[in-house]
Protein chains: 2
Amino acid sequence: MPGRVTLPKGPTKRRPQTTARLLEAALDTFAERGFHGASIEEICERAGYTRGAFYSNFRTKEALFLALFDLHAQSVVDRLTQAVDALAELPEDADPVRAVLTRVSTVDEAERRWYLLSTEFTLHAIRRPEAARALAEHDGRLRAEVAGLLGRLFDRLGRRPTVDLDTLARLTTAVHEGSLAQSLVEPDRLAPEELAVTFLPPLFDAVSEKRRTRRARGSRGET
Amino acid sequence: MPGRVTLPKGPTKRRPQTTARLLEAALDTFAERGFHGASIEEICERAGYTRGAFYSNFRTKEALFLALFDLHAQSVVDRLTQAVDALAELPEDADPVRAVLTRVSTVDEAERRWYLLSTEFTLHAIRRPEAARALAEHDGRLRAEVAGLLGRLFDRLGRRPTVDLDTLARLTTAVHEGSLAQSLVEPDRLAPEELAVTFLPPLFDAVSEKRRTRRARGSRGET
DNA sequence: CGTATCGGATACGGATCTGTATCCGATACG
DNA sequence: CGTATCGGATACAGATCCGTATCCGATACG
């Protein structure tokens with residue numbers, strides 16, 4: 001009884017290639033037309049395949065959508081993790097809050113597409129409790145990451161938060177999403193990082209207190 | 001040939017009735033299925049008409065969508081205006097911030113539908129610059145209302161804001177929308193007013209200073 | 001070199017949906 | 001009481017789109 005699970009013998013090399021292209025085309029198309037507005041046909045066309053290829057790789061349009069969401073969700077988490085790591089290597093005198101914010105709130109085309117996609121997924125989830133659970137789970141992971149980042153941030157600032165970090169992460173996310181939306185609607189009226197840069201520092205300050213001068217800095221001990 | 005513009009003589013009584021029902025059915029349907037997902041046919045069905053009635057009252061599905069948005073957008077402004085007025089009649093010792101917040105962040109079914117609709121409209125606007133202008137204009141009116149409300153709020157608190165009220169209104173909106181989204185995705189994990197109630201008071205405090213005890217309670221504070 | 005198998009293309013049936021063009025009943029008005 | 005006009009229904013033609021069933025070429029492997 002060897003683990004002969006799913007080891008095909010024929011020509012089994014192109015599959016990931018194809019799925020990848022389909023996913024990419026799907027991202028473009030969903031971003032342009034929205035979930036319902038995007039037809040499977042157009043997605044396949046853009047990817048350079050026919051519908052046969054699609055149904056050979058995904059069961060339904062929704063499955064494709066979920067796969068796409070998972071994929072990019074993961075990339076967001078990664079990006080945030082990088083931000084956390086980068087924080088450690090920041091010069092001691094830099095303003096860590098601003099550093100993180102400007103890093104996080106760049107709005108390139110990818111970010112724009114991702115916003116459209118994830119917002120549409122949120123709408124989808126509000127209507128479908130099952131999808132809502134999946135989304136909540138992902139948001140939870142993301143939020144944990146944000147909370148960790150905030151923890152380190154306070155640490156560096158020599159302050160101790162007086163509120164639940166998870167809840168503060170919720171707020172931060174809300175601000176980020178909300179202001180991203182506004183800056184996408186009025187690209188030349190509102191810089192995407194403006195709200196966060198303006199209000200988060202004083203807020204962070206307001207919901208934390210100066211740490212009783214215990215516990216020295218762990219990682220980098222230079223002045 | 002004087003200005004005989006649109007003065008029909010025949011049976012001209014039912015029209016507003018019909019449009020109203022169509023609009024209502026459209027709100028339901030858009031909320032359930034989304035813009036693209038909702039078919040004109042279903043909307044008419046729910047309203048108790050056929051497609052003929054629709055095309056007699058609207059030029060296209062998008063026109064219907066716009067009309068619906070305008071209608072409800074206006075109702076939101078009204079609601080906020082009421083909140084401002086109600087503020088004036090609050091007992092002197094009440095916490096005005098909390099009072100306003102709980103009033104604004106009730107999430108009934110109507111609010112839910114409105115969120116779905118306006119968010120979808122936002123997505124639509126991000127893709128269509130023309131729609132974006134319309135949305136920006138409405139958001140502007142709304143924001144002015146919010147800014148006025150904030151102004152009165154600070155006034156009552158005996159504080160003077162140190163930041164631009166318009167920008168602060170942007171932030172408030174962002175928080176409201178963002179946290180509304182989160183509470184709709186996880187209805188039993190996050191109360192819709194929790195983020196606002198938790199963080200806005202300390203933030204408002206942080207971005208304002210105690211007023212130099214001059215100038216009694218007039219009607220409105222200038223810079 | 002033959003062949004089993006996999007990836008993807010083609011072909012097809014069926015379901016919607018959209019607009020328009022036309023028709024009918026009801027009402028305001030002379 | 002007759003009739004012009006309006007509101008809305010019906011009928012129709014065209015356009016997608018979806019999902020499946022089937023077919024074909026290519027490759028890994030014996």
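Every chain is numbered from 1, with letters handed out A, B, ... down the list of sequences.
- Separating the NE2 atom of B:His36 from the C1' atom of D:dC17 is a distance of 15 Å, rounded to the nearest angstrom.
- Whole-Å rounding puts the A:Leu22 CG to C:dA9 C1' distance at 14 Å.
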For this session: At under 4.0 Å between heavy atoms, which parts of nucleotides 10-22 of chain C does protein reach? Answer with one letter per nucleotide, 5' to 3': B base, S sugar-phosphate only, - none.
Result: B-B----SBBB--
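- For A:Phe69 and A:Phe65, the ring centers are positioned 6.0 Å apart or more.
- In this structure, the side chains of B:Glu137 and B:Arg133 stay at 4.5 Å or more apart for every pair of heavy atoms.
- At a threshold of 4.5 Å between non-hydrogen side-chain atoms, the residues A:Phe54 and A:Ile43 do not count as touching.
- In this model, the phosphate group of D:dG7 is not approached by any side-chain N or O of B:Asn57 to a distance below 4.0 Å at OP1 or OP2.
- For DNA chain C, none of the residues of residues 25-34 of chain B falls under the heavy-atom distance limit of 4.0 Å.
- Where pairing requires Watson-Crick or G-U contacts shorter than 3.5 Å, the helical stems of DNA chain C with at least three consecutive pairs are C:1-30 with D:1-30.
- To the nearest angstrom, P of D:dG19 lies 12 Å from CD1 of A:Ile43.
- A donor-acceptor pair shorter than 3.5 Å can be found between the side chains of B:Arg15 and B:Ser56.
- A side-chain donor-acceptor contact under 3.5 Å links A:Gln74 and A:Asp78.
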For this session: Would you check, one step at a time, whether the test salt bridge (charged side-chain N to carboxylate O under 4.0 Å, His left out) holds for B:Arg128 with B:Glu62?
Result: CA-CA 12 Å; B:Arg128 303 249 170 131; B:Glu62 175 154 341; 3.4 Å; yes
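- A:Glu186 and B:Arg170 are joined by a salt bridge, as a carboxylate oxygen and a charged side-chain nitrogen come within less than 4.0 angstrom of each other.
- Note: CZ (B:Arg15) to C1' (C:dA26) measures 15 Å, nearest angstrom.
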For this session: Go through A:Arg79 and A:Glu145 one step at a time and tell me if the salt bridge (charged side-chain N to carboxylate O under 4.0 Å, His left out) criterion holds.
Result: CA-CA 10 Å; A:Arg79 184 177 178 185; A:Glu145 211 69 38; over 6 Å; no
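- Taking side-chain N and O atoms only, A:Arg14 has no distance below 4.0 Å to OP1 or OP2 of C:dG7.
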